[in-house]
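Working notes, beginning with the structure itself.
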Amino acid sequence: MSTDGRYRRIWNQVAIIPPGKVASYGQIAQLAGMPRGARMVGRALGRAPAELKLPWHRVLNAQGRIALPPDSRGYQRQQEQLQQEGIEVISGRVDLSRFGWRPTLDELVWGPGMLSDSDPGGESGA
DNA sequence: CGTGTGACTGACC
DNA sequence: AGGTCAGCCACAC
């Protein structure tokens with residue numbers, strides 16, 4: 001399994017976060033099959049090709065807080081895009097109990113993967 | 001190839 | 001509520 005392959009699974013998960021909802025790095029990591037890969041999610045987002053148009057702003061830390069440096073450009077952009085979707089952001093923080101994404105079985109099964117999933121190599125299982 | 005780092009997290013204090 | 005620590009793993013040196 002290549003690093004790129006893991007990143008792709010992460011990107012896939014981020015891509016299916018519905019508008020108006022947010023997920024944590026750890027949550028995305030878990031959905032991607034990497035229970036302790038929270039840090040890798042952040043790295044993957046940084047490496048994500050722009051053309052994927054990933055809703056990266058919907059990814060917050062376990063506290064519902066924006067993980068980027070408060071004085072950074074990305075921080076401001078993320079907060080702005082979240083509010084743009086109707087997500088209430090207070091002091092760079094979102095109430096996960098209200099806006100946290102609760103993935104449904106359908107979303108997990110019928111997500112980006114499925115018919116036209118770009119999976120050249122094919123996983124060794126499933 | 002060893003070390004330090006970080007868009008993280010959970011456990012402790 | 002905040003600070004420290006140890007895991008985590010790809011990456012830069």
Side-chain angles (χ1 to χ4, degrees):
Chain A
M1 163 81 76
S2 65
T3 323
D4 193 62
R6 289 179 197 163
Y7 283 168
R8 292 184 70 145
R9 288 225 290 275
I10 289 172
W11 296 335
N12 282 340
Q13 291 304 326
V14 174
I16 65 177
I17 302 174
K21 292 293 181 182
V22 299
S24 73
Y25 292 87
Q27 181 179 3
I28 293 300
Q30 185 165 342
L31 291 175
M34 308 167 220
R36 264 104 242 146
R39 305 196 80 140
M40 219 171 68
V41 172
R43 191 163 282 290
L45 289 182
R47 286 178 53 108
E51 53 265 31
L52 289 182
K53 292 171 184 166
L54 250 46
W56 63 271
H57 57 280
R58 300 188 190 132
V59 185
L60 307 171
N61 68 17
Q63 272 56 246
R65 250 194 162 305
I66 292 176
L68 276 63
D71 51 15
S72 71
R73 190 59 172 45
Y75 179 98
Q76 187 176 356
R77 194 158 57 246
Q78 181 164 21
Q79 177 168 316
E80 192 172 326
Q81 292 189 180
L82 285 171
Q83 296 178 325
Q84 201 167 262
E85 299 188 350
I87 295 174
E88 195 174 351
V89 185
I90 300 173
S91 300
R93 184 169 47 191
V94 170
D95 185 345
L96 294 181
S97 68
R98 284 171 34 190
F99 301 101
W101 174 42
R102 323 238 334 282
T104 64
L105 202 51
D106 276 358
E107 285 173 314
L108 293 178
V109 175
W110 293 88
M114 247 346 259
L115 303 178
S116 45
D117 182 359
S118 35
D119 187 1
E123 303 302 325
S124 26

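Reckoned from all heavy atoms, side chains included, excluding hydrogens, waters and symmetry mates. Order of the sequence lines sets the chain letters (A, B, ...), proteins ahead of strands, with each chain counted from 1.
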Pairing donors with acceptors under 3.5 angstrom, does anything connect the side chains of A:His57 and A:Glu85?
yes

Show me the dot-bracket string of DNA chain B, counting Watson-Crick or G-U pairs under 3.5 Å, with | for pairs to another strand and [ ] for crossing ones.
.|||||.||||||

Side-chain donor-acceptor pairs of residues 26-35 of chain A under 3.5 Å, sequence neighbours excluded:
unit_1	atom_1	unit_2	atom_2	d
A:Gln27	OE1	A:Ser24	N	3.4
A:Gln27	NE2	A:Trp101	O	3.0

Do A:Leu60 and A:Leu82 come within less than 4.5 Å of each other through their side chains, counting heavy atoms only?
yes

Just grab all the side chain to side chain donor-acceptor pair (under 3.5 Å) pairs involving residues 39-52 of chain A, residues at least two apart or on different chains.
none

Heavy atoms from other residues, nucleotides or ligands near CZ of A:Arg93 exceed 12 (cutoff 6.0 Å)
no

Any residue of residues 47-58 of chain A with a heavy atom less than 4.0 Å from an atom of DNA chain B
A:Trp56

Smallest separation among heavy atoms of A:Leu96 and A:Asn61, with atom names:
CD1-O, 4.3 Å

Less than 4.0 angstrom between a side-chain N/O of A:Tyr7 and OP1 or OP2 of C:dC9, yes or no?
no

Can you see which heavy atom on A:Lys21 is nearest to which on A:Arg98, and at what distance?
NZ-O, 3.5 Å

Residues passing the side-chain hydrogen bond (donor to acceptor under 3.5 Å, both in side chains) test with A:Thr104, sequence neighbours excluded, are A:Glu107

Tell me which residues in residues 67-93 of chain A lie within less than 4.0 Å of DNA chain B, going by non-hydrogen atoms.
A:Ala67, A:Leu68

For A:Arg77, check side chain to side chain contact (heavy atoms under 4.5 Å, CB included) against everything at least two apart and list the hits.
A:Trp56, A:Arg73, A:Gln81

Contact summary for A:Tyr25 and A:Leu68, nearest pair of heavy atoms
OH-CD1, 4.5 Å

Under a 4.0 Å heavy-atom cut-off, which of residues 19-45 of chain A touch DNA chain B?
A:Ser24, A:Tyr25, A:Gly26, A:Ala38, A:Arg39, A:Gly42, A:Leu45

Surrounding CD of A:Gln76 (heavy atoms of other residues, nucleotides or ligands, distance under 6.0 Å), is the total greater than 12?
no

Checking the side chain of A:Arg58 only, and the main-chain atoms of A:Ile16 only, is there a donor and an acceptor separated by less than 3.5 Å?
no

Listed by chain and number, what are the side-chain hydrogen bond (donor to acceptor under 3.5 Å, both in side chains) partners of A:Ser97, not counting sequence neighbours?
A:Asp95

Listed partners of A:Glu80 passing side-chain hydrogen bond (donor to acceptor under 3.5 Å, both in side chains), at least two apart
none

Reading DNA chain B 5' to 3', which nucleotide is the first, and which the last, to come under 4.0 Å of any heavy atom in chain A?
B:dG6 to B:dG10

Calculate the interatomic distance between A:Arg65 atom CZ and C:dG2 atom C1'; express it in whole Å.
13 Å

For A:Ala48, give me all partners under side chain to side chain contact (heavy atoms under 4.5 Å, CB included), at least two apart in sequence or on another chain.
A:Trp11, A:Leu54

